[in-house]
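Report on the structure given below.
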Protein chains: 4
Amino acid sequence: MADTNSLRSSQPRRRSREEKARETYRSLLEAAAQVVGSDGYADASISKITQLAGVAQGTFYNYFESRQDVLNRLLPYMGRQMLDHIASAMPRGLTGPAREEARLRAFFAYLDTHPSFYRILYEAEVFAPEAHAEHIRVLVKGYKGALNRAVARGEIGGFDEDELEAVTYMLLASRAYIAMRYARNGDGHAGPVPDHVIQAYMKVLGRGLFSQA
Amino acid sequence: MADTNSLRSSQPRRRSREEKARETYRSLLEAAAQVVGSDGYADASISKITQLAGVAQGTFYNYFESRQDVLNRLLPYMGRQMLDHIASAMPRGLTGPAREEARLRAFFAYLDTHPSFYRILYEAEVFAPEAHAEHIRVLVKGYKGALNRAVARGEIGGFDEDELEAVTYMLLASRAYIAMRYARNGDGHAGPVPDHVIQAYMKVLGRGLFSQA
Amino acid sequence: MADTNSLRSSQPRRRSREEKARETYRSLLEAAAQVVGSDGYADASISKITQLAGVAQGTFYNYFESRQDVLNRLLPYMGRQMLDHIASAMPRGLTGPAREEARLRAFFAYLDTHPSFYRILYEAEVFAPEAHAEHIRVLVKGYKGALNRAVARGEIGGFDEDELEAVTYMLLASRAYIAMRYARNGDGHAGPVPDHVIQAYMKVLGRGLFSQA
Amino acid sequence: MADTNSLRSSQPRRRSREEKARETYRSLLEAAAQVVGSDGYADASISKITQLAGVAQGTFYNYFESRQDVLNRLLPYMGRQMLDHIASAMPRGLTGPAREEARLRAFFAYLDTHPSFYRILYEAEVFAPEAHAEHIRVLVKGYKGALNRAVARGEIGGFDEDELEAVTYMLLASRAYIAMRYARNGDGHAGPVPDHVIQAYMKVLGRGLFSQA
DNA sequence: AATGAATGAGTGTTCATTCAT
DNA sequence: TATGAATGAACACTCATTCAT
């Protein structure tokens with residue numbers, strides 16, 4: 001249905017169209033992220049998004065099935081970005097509590113440079129619950145893997161598999177609440193997390209988790 | 001603002017004016033709580049609330065300035081109820097980790113018997129941010145007091161004031177995420193939190209907090 | 001819920017409100033009929049209707065559940081009007097073909113004075129099929145009754161019950177097509193039906209129906 | 001405009017240009033007929049039509065001026081098909097009422113085997129009024145010719161030219177309403193028309209038309 | 001001739017809020 | 001104070017049509 005010209009010559013043209021489409025998709029998604037970041041999911045109207053993306057309202061529906069569709073895609077998109085960021089920011093060779101601390105700092109650093117992420121993540125449980133659940137699932141899986149490797153290394157002991165999952169939730173929870181309290185103000189964000197907070201976190205973890213009791 | 005119990009029985013006839021108004025206010029607030037609990041803040045329309053309260057739509061604006069106004073009052077109202085419930089459920093004389101565990105269990109028990117509270121609390125950060133912040137502030141204050149008393153009793157050591165606040169946030173966070181993961185399913189709630197989760201929580205706390213390291 | 005004042009004095013006020021509401025309902029319905037009559041169901045927008053009725057768009061939804069709702073009510077409303085008109089226009093004491101002719105002329109007379117009715121009726125099969133089916137059912141029932149009485153009077157013979165129903169449909173059909181051809185032009189209507197058309201109709205009927213063969 | 005059959009086989013290679021275009025035109029028209037038949041004119045979108053025809057949306061406008069344009073062409077296209085079908089299905093040599101009955105049965109038979117035609121025909125008065133008027137004009141002309149021949153044969157008498165036209169409308173009307181009532185259900189069609197209905201039709205006609213009174 | 005992304009006017013519908021009664 | 005009809009701004013979404021490629 002699309003192969004009338006059997007020559008290569010049609011490819012560069014095609015490419016250009018496809019690429020343009022991809023760009024439009026990208027700019028709509030980025031615009032949505034920005035709008036949700038500043039106004040929240042509830043006030044993220046199609047009109048705001050398309051205006052920010054510089055396209056007509058109707059164009060939106062060439063790329064997304066509905067408003068909810070784009071909201072659902074936001075967290076996966078940003079979440080992957082965040083994980084990539086953290087992965088690339090993690091120093092090699094760290095183990096034990098030091099590794100945990102690096103992970104925490106990388107997370108806060110990402111938050112600091114991507115102020116819209118907090119709101120996208122937080123409100124997702126309300127406005128894009130499936131995406132949120134999936135995001136948490138991914139995070140938990142990665143985290144549990146890390147904890148299990150620490151167990152294998154003998155850094156952690158005395159927790160069975162199920163308990164380790166519960167601990168994972170506690171760690172993720174602590175991250176989120178610390179971010180809420182110390183890395184935000186009314187506008188969106190308020191600079192880096194104070195050191196004493198990270199120290200407290202590490203103290204509880206160092207004693208509570210990284211010890212054979 | 002909501003404590004009229006002492007007057008009710010003494011003036012069975014004359015309560016018409018003020019008393020009736022208070023009743024209407026109360027029933028509107030309760031209706032709002034119920035609606036938000038089951039439909040969420042976003043879908044809590046004035047029409048639903050007034051219908052459930054059994055008054056006309058216009059009546060609503062004799063008691064609240066706006067829709068946002070009633071949403072703002074919801075969490076303080078329910079939060080106080082929850083704190084009272086927990087306070088009265090706490091066994092006397094417990095100290096140390098045992099006291100902490102009792103508090104945790106009381107919280108989960110309240111959640112289990114008041115399924116609408118979870119949603120009111122959780123969505124509040126999105127839809128009634130100031131009320132949510134205030135609620136957290138109240139919780140933190142109470143919690144920090146408890147931790148300080150534990151410090152005074154010599155049960156906890158090695159954390160300065162600021163660090164203790166950070167720890168408080170970690171504890172509240174853990175509560176919330178554990179509730180999210182273990183005390184809910186699609187409908188609203190899914191029975192009590194499994195014991196091994198509470199054990200994991202207590203393990204981390206017992207080692208991480210209640211120890212002189 | 002509505003009986004706070006137990007006195008009559010509240011009734012006149014009530015009445016006034018209720019009456020006003022009824023008026024608004026009426027004017028919306030009439031506006032809808034007019035708009036559909038001139039623009040057709042497809043182009044009958046809420047905005048046109050409310051503008052013509054002189055109320056805000058939102059007001060529409062205090063009286064009708066949806067656009068389709070008002071479209072559904074149009075034919076029953078006009079259909080009853082038409083039947084009332086015909087009933088009151090029918091001379092007393094006529095029987096046989098003369099009675100049939102009077103009925104036909106009354107129908108065309110109604111059409112002539114209510115030009116929107118033709119379109120409302122005709123397009124209803126497409127846009128309000130249930131209302132149309134019900135309308136036809138009512139018409140057929142009335143018509144069959146009339147034919148059966150003619151049979152009882154011995155004016156008609158040689159048709160069994162089922163055949164009589166089929167004949168009813170032929171009569172209604174003829175009415176409609178004659179109206180389409182002879183009582184309309186582009187605008188909406190084009191004056192009365194020529195006499196020779198009615199004569200042709202009566203000839204076919206007189207010989208075909210009102211005879212013992 | 002649609003008769004290219006004679007050329008097809010002679011130029012198997014060269015048909016690329018013009019022939020291909022005709023094929024596309026044809027497939028768009030057929031697609032439109034199918035879509036309108038199942039979804040109705042109102043829901044026949046260009047997107048549905050082009051999708052069914054297997055071409056891009058833009059291609060549509062190389063063959064039709066507008067959406068309305070294709071809708072206008074539908075009934076003439078299908079109507080001719082129907083007339084051809086009926087003409088070829090008519091037994092030779094029939095005259096009088098028998099001929100009329102055969103025509104009626106052929107019409108119902110066509111409807112039964114072409115369920116989409118009913119909708120295309122019926123809704124045309126609403127959505128393609130000019131095409132509908134033209135279609136009726138063609139039908140009437142053919143029918144009047146048939147009746148005139150019957151008059152010439154002495155089978156029909158007592159109607160002048162104008163009256164005969166009115167009768168024609170009555171016959172077409174009866175066809176349509178009988179089809180509406182007896183040859184359709186919710187889905188689209190419901191099998192053949194019962195015999196007693198055709199008998200009733202023939203009785204009225206036999207007495208009312210084919211008699212010298 | 002064929003494509004399909006872009007357009008934007010237009011639609012039905014919702015709902016917090018107002019206000020005359 | 002209670003009522004509930006009226007309001008109108010706002011929204012998500014559709015689709016015929018255009019046009020650069």
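Just so it is clear: chains get the letters A, B, ... in the order the sequence lines come, proteins before strands, and each one is counted from 1.
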Member of T24(C), I46(C), D69(C) meeting the side-chain contact (heavy atoms from CB on, under 4.5 Å) criterion with F60(C): I46(C)
Round to the nearest Å and state the distance from E23(A) atom CD to dA5(E) atom P. 14 Å
For the pair made of NZ in K20(B) and P in dA2(F), what is the distance, rounded to whole Å? 8 Å
Please report the distance, rounded to the nearest Å, between CD1 in I46(D) and C1' in dG4(E). 14 Å
Write down the distance between NZ (K48(D)) and P (dG4(E)), rounded to a whole number of angstrom. 20 Å
Identity of whatever pairs with dC11(F) - Watson-Crick or G-U, under 3.5 angstrom: dG12(E)
Could you state the CD1-C1' distance from I49(D) to dT17(F), rounded to the nearest angstrom? 14 Å
Is the distance between the ring centroids of Y41(B) and F127(A) under 6.0 Å? no
Does either side chain, that of Y77(C) or that of R26(C), offer a donor lying less than 3.5 Å from an acceptor on the other one? yes
Counting N and O atoms only, with roles assigned by atom type, does the side chain of K48(C) sit under 3.5 Å from a partner on the main chain of D43(C), one being a donor and the other an acceptor? yes
Y25(D) OH - dA1(E) P separation (whole Å): 15 Å
Watson-Crick or G-U wobble partner of dA20(F), both distances under 3.5 Å: dT3(E)
Ring centres of Y122(D) and Y122(C) under 6.0 Å apart? yes
By nearest-heavy-atom nucleotide on DNA chain E, the more 5' of S45(C) and A42(B) is S45(C)
Backbone N/O of Q34(B) and side chain of S38(B): donor-acceptor pair under 3.5 Å: yes
dG12(E) P sits how many Å from Q51(C) CD, rounded? 13 Å
Stretch residues 54-70 of chain C: residues that reach within less than 4.0 Å of DNA chain F through a heavy atom: V55(C), A56(C), G58(C), T59(C), N62(C), Y63(C)
Figure out the CG/P separation between L28(B) and dT1(F), and round it to whole Å. 14 Å
Could you check whether A44(C) gets within reach of a base, just the sugar-phosphate, or nothing at all, counting any heavy atom under 4.0 Å? sugar-phosphate
Would you say R67(D)'s side chain and A44(D)'s backbone share a donor-acceptor pair under 3.5 angstrom? yes
